Amino acid sequence: MENDAVTLYCPNEYCQSANPLTHKFCQQCSTPLPKRYLWVVGDDLSHCHPGAIVAERYLVISKSILLDIKPGLLPEIPDLDDLERIKPYLKLIPYRLNIPQLYGVLKLGHEQSQTEILLLERPPLITDATITQANLCSSLDTVWSEASSIRQIHWLWQLAHLWQPLAIEGVASSLLDPYLIRVEGALIRLLELRFDRENTPRLSQLGEFWVQLLKNAKPNIAPFIQQVCDLLIQGEINSSSKLIKVLDQGLSQLERFQTTNIKIYTKTDSGPSRPRNEDACYPPSDTLIAKPPQHSTLAIVCDGIGGHDGGNVASNLAIETIQQQVQGLTSVPYDNIDPSLLLSDLERAVAVVNDKISQRNDSEHRQGRQRMGTTIVMALPIAHEMYITHVGDSRAYWITRYNCYQVTLDDDVASREVRLGYALYREALQHSGSGSLVQALGMSKSTSLHPTSQRFIIDEDAVFLLTSDGLSDFDRVEEYWETEILPMLSGKTSIENLAQRLIEIANTKNGHDNVTIALVHYHVKYSEPDITITADVSSLLSSTELDPLDDTVNGESFSNHQKTQVIAENKTIKPAPVPLQLFVILGLTLLAGLLGYWFKLQLKSPTIISSPSPFSSQPPTTDTQRTLENLSANWVLTANSSITVNNQTFPAQSFFQVIEKKVNPNAADNPDLRLRLCATSNSPTKIIELNFSQLQDLDISILPSDQPSPCE
């Protein structure tokens, strides 16, 4: 496909110059030019020829692949009718390493008969230097026979991890369609989501699907995979957590034939515009550690919050405390480590850090903006595994010779909007305060803290980059990974030189903040074993644990339409008989969600509700019953003194109207709240998001109903 007339428009709103497609930077203002390839869900563009421009902004690469030539513009967002079609993509944003995310919609046809086509960003594509060519990554079944034995089981392990979250969202069928399952190096990447039909897929069907891969499995693991498939089909392995544990046994046996050497290097810098450095790292800055796989060494990056008298104290206190906590977790031999328990222990260790900083705040009588806190992202490499834990917006990236992947999801307002199903990510970024943190260490009690821990299997050379937002802001990592980080994987630069170069990029291209990085370089060599591996599943099969979406429990049949509540990641729930009343409640909750989404789509901005709210989950109460414990929609709160919420300070006598109170699936006694700051002549309307625990810590009172409301 050739179209010399096509140009790529600068995303800088003050420039918007047209540039040749092959340029990496705007020729007028030097702004990076993102190349956003999009996957078209469905075959609605089969009539468009390559090189055509659709909707005046999308270049057709093929019938299912587009390039956005105006990446600075917000894509069109779906209509209300698409709520059920888009909801799984939003809810599954924590799994965007494996699942493409919703970019927007393309509307074709006339006003009376428009067709909305979903567009997905970061699909599994291979692109070339001409920009106008893009091909799908290979499907799992076509490259299966070429993979090593450890990678074959690694691919199955990833599919097993995806089963429960996809089943909860009604899209587990995606894992049974060979066309949708693509591979990019070691990673499983789905092309799109396939919705389950009348019958929800069962775990046994995953075993039947894997049987098709047996004939091309490596001989030393073929009996193991056959055993796993048989146990799945027979229903002996009846939960995804059991399946993961069995596959872990295979990976553990194969790991003995893999040599894994790891280098860790850290560096921190105050940057050109900050008088002091509130970041901290471990090991200390400019420290190089080379470790064999059997020894555990942490890499940590913290970004302090609270100014010079608090941010640096909090970040260094976090480093000191977490180091002590994790040393105890990794003192046992590797063979005795239970991965699921270690993930939970890492989250508990972070909670201990949170409490220690919070107690320090309380003892020093710090309130509001004076309260100190910190973000944290840490990496624990053990043998062939990597454990990542984080809170806040400091990030972890996984770089291989194939791509650069952001593996953490920022704890900010924009990401929270997507996870709750309120907005597409590109849409959420447009809202004021979208980058504000919703949680950090030390700012509130651990009962309202939700750290995220993840586990990755490493079977190829890789680099993990931990960084504060001094580098990650403005997509600098995505912009420079190929030119700066990739050479280290090919031995063309050292880890020390790479760290220095990344600090320079942060200071010259961003320069607005401190910057801290930790690099973890895996060098891997694998030799196929001459033994046949086996699995000992006797202890697992004696367990009564069941998959939460399996349709039989103790021999009793349940409806295939049964829905499971969204739960915290890495947790397993057990099913219980569902009473009729629960279905009624779920129906009402869905109706409330639909109404809320309709308001959002109509206004394209935070909703102001002055009439009785459709989100209220409680009946009206009398003034004698008005307490924080039975807080309801439309109530007005008054700030008795200056208060700080999500790094925003509001003066005394500010008024806030409750517009939503929503149960938090991770903490039933700590609901999420949305408040509207009532506008005055000096302040615009704002939407504030917080949880109930945060609200309790504020100096506020409830306005009686017999007083005139300032929010009307």
Side-chain angles (χ1 to χ4, degrees), residues 11 31-32 34 36 71 93-94 96-97 101 121-122 265-274 277-281 285 299-305 311 315 318 373-379 386 388-400 403-416 418 425-426 428-429 433-441 452 454 462-486 488 498-520 647:
T31 297
R36 292 181 186 158
I93 189 175
R96 69 197 188 290
L97 189 65
Q101 285 300 292
E121 63 177 312
R122 292 184 68 90
Y265 189 77
T266 58
K267 198 169 187 66
T268 186
D269 191 271
S270 60
S273 61
R274 293 294 179 93
N277 195 346
E278 296 176 27
D279 290 1
C281 60
S285 184
I300 313 172
V301 167
C302 289
D303 184 352
I305 302 168
S315 59
T374 183
T375 69
I376 189 170
V377 58
M378 62 181 183
M386 171 62 92
I388 299 288
T389 304
H390 98 286
V391 173
D393 61 357
S394 292
R395 294 179 178 178
Y397 292 87
W398 183 5
I399 296 96
T400 71
N403 215 327
C404 171
Y405 311 96
Q406 180 185 332
V407 299
T408 54
L409 181 64
D410 293 348
D411 288 321
D412 60 11
V413 172
S415 299
R416 190 182 198 183
V418 179
Y425 187 67
R426 298 287 172 186
L429 289 177
S434 62
S436 299
L437 292 180
V438 297
Q439 65 172 358
L441 299 185
T452 301
Q454 302 175 79
V463 174
F464 279 84
L465 167 65
L466 314 184
T467 179
S468 62
D469 57 2
L471 173 63
S472 61
D473 277 352
F474 307 109
D475 298 329
R476 298 305 180 195
V477 177
E478 291 84 351
E479 181 183 339
Y480 285 99
W481 76 272
E482 284 186 276
T483 58
E484 306 300 333
I485 302 179
L486 205 53
M488 191 172 75
L498 171 58
Q500 180 60 41
R501 177 63 183 140
L502 293 176
I503 294 293
E504 291 172 359
I505 290 171
N507 288 339
T508 57
K509 300 299 182 181
N510 290 346
H512 61 288
D513 202 355
N514 312 140
V515 57
T516 302
I517 62 169
L519 291 164
V520 183
N647 297 321

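This structure is a prediction, so every number in the text was calculated from the model and none was measured.
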Undergrad: Measure the spacing between CG of Asp513 and CG of Asp279 and express it to the nearest 0.5 Å.
TA: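 Here the rounded value is 6.5 Å.
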Undergrad: On a heavy-atom basis, which atom in Cys404 and which in Val477 lie closest, and how many Å separate them?
TA: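 Nearest heavy atoms, Cys404 then Val477: SG-CG1, 3.9 Å.
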Undergrad: Evaluate the ring planes of Phe474 and His512, with Trp represented by its six-membered ring, and classify them as parallel (under 30°), tilted (30 to 60°) or perpendicular (over 60°).
TA: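 Perpendicular, since the angle between the ring planes exceeds 60°.
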Undergrad: Where do Gln406 and Glu478 land on the side-chain contact (heavy atoms from CB on, under 4.5 Å) test, with the steps shown first?
TA: CA-CA 9 Å; Gln406 180 185 332; Glu478 291 84 351; 3.9 Å; yes
Undergrad: Nearest heavy-atom pair of Pro11 and Pro32: which atoms, and what distance?
TA: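 Closest approach of Pro11 to Pro32, heavy atoms only: CG-O, 3.6 Å.
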Undergrad: Pick one: which of Thr408, Thr467, Leu466 meets side-chain contact (heavy atoms from CB on, under 4.5 Å) with Tyr397?
TA: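 The passing option is Thr467.
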Undergrad: If I take atom CD1 from residue Ile505 and atom CD from residue Gln500, how far apart are they, to the nearest 0.5 angstrom?
TA: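 Result: 10.5 Å between the selected atoms.
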Undergrad: Please tell me if the side chains of Leu502 and Leu519 come closer than 4.5 Å, counting only heavy atoms from C-beta onward.
TA: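 In short, these two side chains touch, coming nearer than 4.5 Å.
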Undergrad: Working to the nearest 0.5 angstrom, can you tell me the gap between Arg122 CZ and Tyr405 OH?
TA: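 Output value for this atom pair is 8.0 Å.
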Undergrad: Evaluate the side-chain proximity of Thr452 to Leu409: yes if any heavy-atom separation is below 4.5 Å, no if none is.
TA: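 Sidechains of Thr452 and Leu409: no contact.
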Undergrad: Are the side chains of Cys281 and Lys267 in contact, using a 4.5 Å heavy-atom criterion?
TA: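 A side-chain contact under 4.5 Å is absent here.
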Undergrad: Indicate the atoms forming the closest heavy-atom contact of Ala318 with Cys302, along with that distance.
TA: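 Result for this residue pair: CB-SG, 3.9 Å.
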Undergrad: Between CG of Asp410 and OG of Ser415, what distance do you get to the nearest 0.5 Å?
TA: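 Here the rounded value is 5.5 Å.
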Undergrad: Are Trp481 and Leu486 side-chain neighbours, meaning at least one heavy-atom pair lies under 4.5 Å?
TA: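 With C-beta onward as the side chain, the pair touches.
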Undergrad: Rounded to the nearest 0.5 Å, how far apart are CG of Asp411 and CZ of Arg416?
TA: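 Between atom CG of Asp411 and atom CZ of Arg416 there are 9.5 Å.
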Undergrad: Where is the tightest heavy-atom contact between Leu429 and Ser434, given as atom of each residue plus distance?
TA: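 Heavy-atom minimum between the residues: O-OG, 3.2 Å.
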Undergrad: With a 4.5 Å cut-off on side-chain heavy atoms, are Ile305 and Thr374 touching?
TA: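 The answer is no; the side chains never approach within 4.5 Å.
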Undergrad: For Thr268 and Thr516, run side-chain hydrogen bond (donor to acceptor under 3.5 Å, both in side chains): C-alpha distance rounded to whole Å, both residues' side-chain angles, the deciding distance at 0.1 Å, then the answer.
TA: CA-CA 4 Å; Thr268 186; Thr516 302; 2.6 Å; yes
Undergrad: Would Glu504 and Lys509 count as a salt bridge (charged side-chain N to carboxylate O under 4.0 Å, His left out) if you check the C-alpha gap in whole Å, the side-chain angles of each, and the deciding distance to 0.1 Å?
TA: CA-CA 8 Å; Glu504 291 172 359; Lys509 300 299 182 181; over 6 Å; no
Undergrad: Mind checking what makes side chain to side chain contact (heavy atoms under 4.5 Å, CB included) contact with Val413, not counting sequence neighbours?
TA: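 By the side chain to side chain contact (heavy atoms under 4.5 Å, CB included) rule, Val413 matches Glu417, Ser436, Val438, Glu689.
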Undergrad: Under 3.5 Å, side chain of Asn514 to main-chain N/O of Glu278, donor-acceptor pair present?
TA: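 At least one qualifying donor-acceptor pair exists.
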Undergrad: Which heavy atom of Asn510 sits nearest to which heavy atom of Gly470, and what is that distance?
TA: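 Nearest heavy atoms, Asn510 then Gly470: ND2-O, 3.0 Å.
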Undergrad: Using the side-chain contact (heavy atoms from CB on, under 4.5 Å) rule, take Arg36 and Arg426 through it: C-alpha gap first, then chi angles, then the decisive distance, then the call.
TA: CA-CA 13 Å; Arg36 292 181 186 158; Arg426 298 287 172 186; 3.3 Å; yes
Undergrad: For the CD atom of Gln439 and the CG atom of Asp412, what is their distance to the nearest 0.5 Å?
TA: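 One finds 11.0 Å between CD of Gln439 and CG of Asp412.
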Undergrad: Under a 4.5 Å cut-off applied to non-hydrogen side-chain atoms, are Ile517 and Leu471 in contact?
TA: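 In short, these two side chains touch, coming nearer than 4.5 Å.
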Undergrad: Verify side-chain contact (heavy atoms from CB on, under 4.5 Å) between Asp269 and Asn507, making sure each step is shown before the conclusion.
TA: CA-CA 9 Å; Asp269 191 271; Asn507 288 339; 3.2 Å; yes
Undergrad: Please check if any side-chain donor atom of Asp303 sits under 3.5 Å from a side-chain acceptor atom of Ser394, or the reverse.
TA: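 The criterion, which ignores hydrogens and geometry beyond distance, is not satisfied for Ser394 and Asp303.
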Undergrad: Is any side-chain heavy atom of Thr375 closer than 4.5 Å to a side-chain heavy atom of Leu441?
TA: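 No, side chains not in contact.
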Undergrad: So do the side chains of Met378 and Val301 get within less than 4.5 Å of each other, counting heavy atoms only?
TA: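 Of all side-chain heavy-atom pairs linking Val301 with Met378, none is under 4.5 Å.
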Undergrad: If we count only N and O atoms by modelled type, under 3.5 Å, do the side chains of Asp469 and Ser472 hold a donor and an acceptor together?
TA: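 Side-chain D/A pair, Asp469 to Ser472: absent.
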Undergrad: Looking at every heavy atom in both Thr400 and Ala462, which two are closest together, and how far apart are they?
TA: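 Of all heavy-atom pairs spanning Thr400 and Ala462, the closest is CG2-CB, 4.4 Å.
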Undergrad: Yes or no on side-chain contact (heavy atoms from CB on, under 4.5 Å) for Tyr425 and Gln101, after CA distance, side-chain angles and deciding distance?
TA: CA-CA 8 Å; Tyr425 187 67; Gln101 285 300 292; over 6 Å; no
